[in-house]
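First comes the structure, then the notes that go with it.
What you see is a predicted model; the values in this text were computed from it and never measured. Just so it is clear, the values below take in all heavy atoms, side chains as well, and ignore hydrogens, waters and symmetry mates. Residue numbering restarts at 1 for every chain, and letters A, B, ... go by the order of the sequence lines.
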Amino acid sequence: SSGINAEYGAVRMKQKKIVKEIVVASCGPSQSQETIRTALAMGADRGIHVEVPAGTDADLQPLAVAKIFSKLVEKEKPDLVILGKQAIDDDANQTTQLLAGMLDWPQGTMASVVNAADGRLTITREIDGGLEDISVSLPAVISADLRLNEPRYATLPNIMKAKKKKIEKMTPENLGVDITPRLKILNVVDPPVRQAGEKVPDVSTLMEKLKEKGHL
Amino acid sequence: MSSTSFARGIFLGELREEEIFPYPQVLDSDQKETISMMMEAGHAFFQNTNDAAANDSAEKIPEEQLDEMRQLGMYGLMVPEEYGGLALTNTMYAKFGELTGEYDLGLGIHTGAHQSIGYKGILLYGNPEQKEKYLPSLASGDVFACFCLTEPSSGSDASSIKTRAVLNEAGTHYVMNGAKIWISNGGIAEIFTVFAQTPAIDAKTGETKDKITAFIVERAFGGVSHGPPEKKMGIKCSNTSEVYFENVEIPVENVLGEVGGGFKVAMNILNNGRFGMGACLTGTMRMLISKAVDHANNRKQFVSNLREYQGIQQKIARMNLLCYANESMAYMLCGNMDRGAPEYQIEAAMSKIFASQSAWDVCDETIQILGGAGFMKDVGIERWMRDLRIFRIFEGTNDILKLFIALNGVQELGNLFKKQGNLGTVMGLAQKRVLGMGSLKTKVHADLEPSVKQLQEDITKFHIATSAQVIKYKKKIIEQQVVLNRIAESSILLQSMAAVISRANLAAEKGDTSEVVLASAWCGEAHQKIAALVADMQNADLTKVDNATLNVGKLSLDNNGYLAQSPI
């Protein structure tokens, strides 16, 4: 998922000496721990696991996640937060924007290239029209596009080193965050099956057909 | 301390539970998590970077790729962390081997020849100075190692090697001369574990006799050279070459283990690495089964997809059973090694024989199911057949290992009979042993009870039949290879029955009874085969036929070829 992309982006920045310490955080059930370990194996320095009981994790919505991260930011005081652009489960693409709003920090979403100079970041964003370059001051929130980098796997020696790195555990309650969903999903349906089209010989037949089907 | 080896016990008519039941579970949650992450990294490497077909065609692993393998940590999997290794347990190493077996056997031999036998001697027998000096660069893969035992006139007969190392007058160096053949990594290694005859003074008689000593030899010592890479049937990307030693000066500090103790060092290195094959070939078989099943599900001939025909279903079933039995034995073996089983050489030999023969059969059937497509290079299966052939030959030929198993067992019986002597006593004692065969039946899932009963009966029959042979032939049983092979084959089947019962029970206890079908089917098949082998052993008429057949063999050998004339 683009979360791992975000992590690898952070590691590259650390290699370029833009970043001094990488803390990886994940909200989820106990299986999230493995994701954190993978991130540690790929170069993060320490981890934070905000544990949400299995079952309720499916109800964890972007607003709740943003609130949790906002509390973590208060605690850790990072200069930069990098998130995946959208989760593989709900594809929401909201958490980064919500978090930036809560913190009142600048945001660079859909980032595919990030460079640092003089306490500011230049970010290239993937947008519908093409690419857009923006400059933001720090601290800032970024969401990583798939094109941010080609993640490599964690090597075995790094997997072993990761075992010695710390993972701090906490719950949303510890952070004073209420994760009850604010949105309720009423209905989920497949998009309607696309109907076959019909070819008509001329414009008058077209007008007739449109009237027939009540579109005119 | 008396042995708890199940394989040894069956020769004595005993069903020793300790090492087989419950199925060994040696990984803690931390190790399981580590394996899971390693698998992810391994799959990514093999899918995105490694190209087994290209490696086969080029007969080489690309140089650039070796660097990636070094970074991955693939060369020091079982080396202690203090020397830069990953300190994996046998079971964890086996799992990584299984992953390798799924993708590229040639690459597996390259890394295996390096760590599983190439520098294993330093791990097992090295003193602290030797470990300190050599392990770090071997674990990192900066430097490659190889195992140098085989010579032109010494394959299975390892103790007949002619390479010699003689101590110089100053007593500071051994000077080595000789030639080794078919050495994996021989052309790329810097560090060689070499076995050579050294003159040793017999403590009792004062005579000088040649005894084998193991040495750590550096190419940098000078006088070490190698031949061109051998052109092989398979595992082509793995380098195999002759290695020559011409007046190589080896400091005495580089003796590995004791002077004169080299044969044992060689056998223990091979024994210690043998478990890897069972796990590796599990990966291979599983992959082949997927390909066969995919074809059977999608290929239509006559009125249906191939999957609808009994002939195909039977082949697929057989492949699953062989893979299941092999996997059960493989992980039982490394689990016991990790638990500190005092000995496991018989089980290791059994696993190696079973794995290599099963994988060959599974690949053969996969090609058959795919038909003509199976024969075509682009489809990719024929390369596996070519790669697999060597597994029945190297690391101890299956033929020798069968004799090893049988003779070990026969020796146990021989010791037992020194006290008794006649078949009647043996039978009586055997009956007692059946009754005392323990409560395994009461411990397993109800559906596995019939299989346990079969196992108990078969151990008894096997013990009685083998005992009869020992009493009949006495010391000459060493020459009776036809009989010894029947004994070995039966014992391997018994070991496999115990392994599948235990494993299926483990799954059943966790709530999954689906494996009971596999275990029962395998035990049923094994039960029939053992019955036939045991009957053959005790069939006096068959012995006459055996001898007549052997005579045909001798005549052909005398005749320098096929015995008959053309019929037309």
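Interface with chain A: from residues 63-72 of chain B, residues B/E68, B/Q71, B/L72 qualify, criterion being any non-hydrogen pair under 4.5 Å. Contacts with chain A (heavy atom to heavy atom, under 4.5 Å) involve no residue of residues 124-145 of chain B.
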Test side chain to side chain contact (heavy atoms under 4.5 Å, CB included) on A/L156 and B/L77 and set out the steps.
-> CA-CA 9 Å; A/L156 307 187; B/L77 296 171; 3.6 Å; yes
Take A/T38 and B/E40 through the test side chain to side chain donor-acceptor pair (under 3.5 Å) and record every step on the way to the result.
-> CA-CA 10 Å; A/T38 305; B/E40 220 182 292; 4.6 Å; no
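Note that the CE atom of B/M37 and the CG atom of A/L40 stand 7.5 Å from one another [nearest 0.5 Å]. Between A/R37 atom CZ and B/S36 atom OG the span is 12.5 Å, to the nearest 0.5 Å.
Nearest heavy-atom pair, B/E81 versus A/K164, reported as atom, atom and distance to 0.1 Å: OE1-NZ, 3.1 Å.
In this structure, the portion of B/F96 lying under 4.5 Å from any heavy atom of chain A is its side chain and not its backbone. Only the side chain of A/A41 comes within less than 4.5 Å of a heavy atom in chain B; its backbone stays farther off.
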Residues 188-199 of chain A side chain polar contacts: donor-acceptor under 3.5 Å, at least two apart:
residue	atom	partner	partner atom	Å
A/Q195	NE2	A/V193	O	3.3
A/E198	OE2	A/K209	NZ	3.0

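Under the rule for a side chain to side chain contact (heavy atoms under 4.5 Å, CB included), the partners of B/A44 that lie at least two apart in sequence or sit in another chain are A/Y153, B/N48.
By number of non-hydrogen pairs under 4.5 angstrom with chain A, the leading residue of B/E33, B/H43, B/M74 is B/E33.
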